[in-house]
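Presented below is the structure to which this report refers.
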Amino acid sequence: MTIHPIILGGGQGTRLWPTSRKTFPKQFAPFLGARTPYQEMLTRLAGEGFGAPVVATTEEFRFLAMDQARAAGAWDTSVLVEPEGRGTAAAVLLAALKSDADPDALLFITGINHFAGSAAAFREAVRAGAEVARTGKLVTFSGAAAEETGLKTVARVGGRAIRIVEPDEAGGNGGDEGARMGLIRKSDLIAAYKAHAPELLEQCRRALESGKAEHGFFRYGGEAIAEMEVRSFADTVVDKLPGARSLTLGAACSDLGGWDAVWELLPRDARGVATSGAATAVDCDDSLLRCDEPSMRVLGVGLKNVVAVAMRDGVLVADRSKLAEIPGALEQLAAEDRVMAEEYPRYHRPWGWYESLVVGERFQVKRICVKPGGVLSLQSHVHRAEHWVVVGGTAEVTVGEEVKMVPENGCVYIPIGAVHRMANPGKVPMYLIEVQTGAYLGEDDIKRYEDIYDRC
């Protein structure tokens, strides 16, 4: 029988600043290698006996979720979009109702977390749980040992501990425990909601009926979503099901709730030092040094019990015993109107991404990447002119009534007020340098006339 993965793709991960931020949360950032935790989860849930994954996320991360799934080779991933997060109880039920699986099919429900063992071992543990779930029982999964993985025991059934990953307080698909893993028949799950949350079941059915598919996603009806109470899947369903069973995954499992969790999972030298990216440690002990900016270098000398993480727009230096205070410190940054408290320096958009390289008085320099097939909106600006230089690929550029192809090393001038657009008709990413000049350079100086992503 096929196991159908449902992946809850919410969460913020403020304890992992500056690599993880509100606009680019931890599940989409690479911490332990080239792949992100989201991509690793997709890889673990692929193979014989597993169906196409269904990912539940919110509006702002829908294109990021789809792009990273395709980059990981999971082309059959379905992305379901909630206009706003209403908790894991709603996210799970909506995904289960939308799933094409028959009533007797098995649903594997999981947040995005890191598993220290092999993907094959993970799949084998899930398949073992399938034998129990087919009898009508909920099966939950735990890591190897609570004291080693940040897990806590929440119940005992038949003498066996049921454990869940301790949640990041800002994580989950609405602020609760998005990292819990469970396996259950679709019919048993729907029956549990009918018994314990009938009003939520009715609201989810209306959200599904009023939803629509567009641009490769399925978006639920916003009016029904807005009526829902924010509820936890654990409190609403899991803790109310009798006779649940727990299986161990045989290796540590972590939701990467903070930098100490990353330090634990990275290779460390004989003195307990882990480095990542462009970082060098000299005479350091029990520390983590990380640099996410290729043009920079982090050099640590004589450090002990320190986490130092550098990006182009922000640097974290913290005593490992004070890591829990990072969210509060970020509130201070936000109160000072520091955009880096919440915003990532690379801004992801449906068509690709951009980042600011230099900002000065009356000018700004950006690097822009347009993915194959990506099309920016037809737009104009009141206060700024733009100069474009294509540095990779070929751009299709519209200025007024003129449409032309601009190859690598080609340039274009966009006068103030001119209606314009860029697109990438090729099969490789297109890169360009944009120089903006004018009295006001804010992102809100834009008037859209057409947009294939419905942002007008």
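These numbers come from a predicted model, not from an experiment. Reckoned from all heavy atoms, side chains included, excluding hydrogens, waters and symmetry mates.
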Would you say [X]'s side chain and [Y]'s backbone share a donor-acceptor pair under 3.5 angstrom?
X      : Y      : value
Tyr193 : Ala89  : yes
Ser232 : Ala234 : yes
Tyr38  : Ala65  : yes
Arg290 : Phe31  : yes
Gln39  : Gln68  : yes
Tyr354 : Lys366 : no
Ser187 : Pro103 : yes
Arg21  : Glu343 : yes
Glu342 : Lys22  : no
Arg86  : Met228 : yes

* To do: Apply side-chain contact (heavy atoms from CB on, under 4.5 Å) to Leu93 and Thr236, showing your working.
  => CA-CA 11 Å; Leu93 180 54; Thr236 304; over 6 Å; no
What pair of heavy atoms forms the shortest contact from [X] to [Y], and how long is it?
X      : Y      : answer
Gly314 : Pro18  : O-CG, 4.0 Å
Met311 : Pro345 : CE-CG, 4.0 Å
Ala261 : Ser254 : CB-OG, 3.9 Å
Ala130 : Leu183 : N-CD2, 3.3 Å
Met430 : Ala395 : CE-CB, 3.6 Å
Ile326 : Trp17  : CG2-CB, 4.3 Å

Within-4.5 Å side-chain heavy-atom neighbours: [X] and [Y]:
X      : Y      : answer
Leu189 : Val92  : yes
Met41  : Asn113 : yes
Pro350 : Arg455 : yes
Leu138 : Val237 : no
Leu266 : Leu32  : yes
Lys371 : Asn424 : no
Arg320 : Trp263 : yes
Trp351 : Met422 : no

* To do: Report the C-alpha separation of Leu208 and Tyr220 in whole Å, then their side-chain angles, then the decisive distance to 0.1 Å, and conclude whether the side-chain contact (heavy atoms from CB on, under 4.5 Å) test is met.
  => CA-CA 6 Å; Leu208 185 62; Tyr220 300 110; 4.0 Å; yes
Taking atom [atom1] as the centre, does [X] end up with more than 12 heavy-atom neighbours from other residues, nucleotides or ligands that are less than 6.0 angstrom away?
X      : atom1 : value
Glu331 : CD    : no
Glu48  : CD    : no
Lys186 : NZ    : yes
Arg448 : CZ    : yes
Lys240 : NZ    : yes

* To do: Please say which of Lys304, Arg268, Arg271 ends up in a salt bridge (Lys or Arg N to Asp or Glu O under 4.0 Å) with Asp285.
  => Arg271
* Phe122-Phe141 aromatic ring centre distance below 6.0 Å ->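 Ring centres of Phe141 and Phe122 not closer than 6.0 Å.
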* Which salt bridge (Lys or Arg N to Asp or Glu O under 4.0 Å) pairs, counting each pair once, include a residue from residues 123-132, with sequence neighbours left out? ->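 Pairs touching residues 123-132 that pass the test: Glu124-Arg127, Glu131-Arg134.
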Quick one: [atom1] on [X] to [atom2] on [Y], what's the gap to the nearest 0.5 Å?
X      : Y      : atom1 : atom2 : answer
Asp292 : Arg312 : CG    : CZ    : 11.5 Å
Arg15  : Leu256 : CZ    : CG    : 13.5 Å
Ile184 : Ile6   : CD1   : CD1   : 10.5 Å

* To do: Report the C-alpha separation of Met181 and Cys253 in whole Å, then their side-chain angles, then the decisive distance to 0.1 Å, and conclude whether the side-chain contact (heavy atoms from CB on, under 4.5 Å) test is met.
  => CA-CA 11 Å; Met181 290 175 285; Cys253 189; 3.6 Å; yes
* So, Ser210 and Glu223: side-chain donor and acceptor under 3.5 Å apart, yes or no? -> no
* Working for side-chain contact (heavy atoms from CB on, under 4.5 Å), residues Val298 and Val315 -> CA-CA 10 Å; Val298 170; Val315 178; over 6 Å; no
* Among Phe24, Phe63, Phe28, ring-ring contact (aromatic ring centres under 6.0 Å, His included) partner for His348 -> Phe24
* Asked: Any salt bridge between Arg185 and Asp188, counting N to O under 4.0 Å?
  ->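 The answer is yes: the pair qualifies as a salt bridge.
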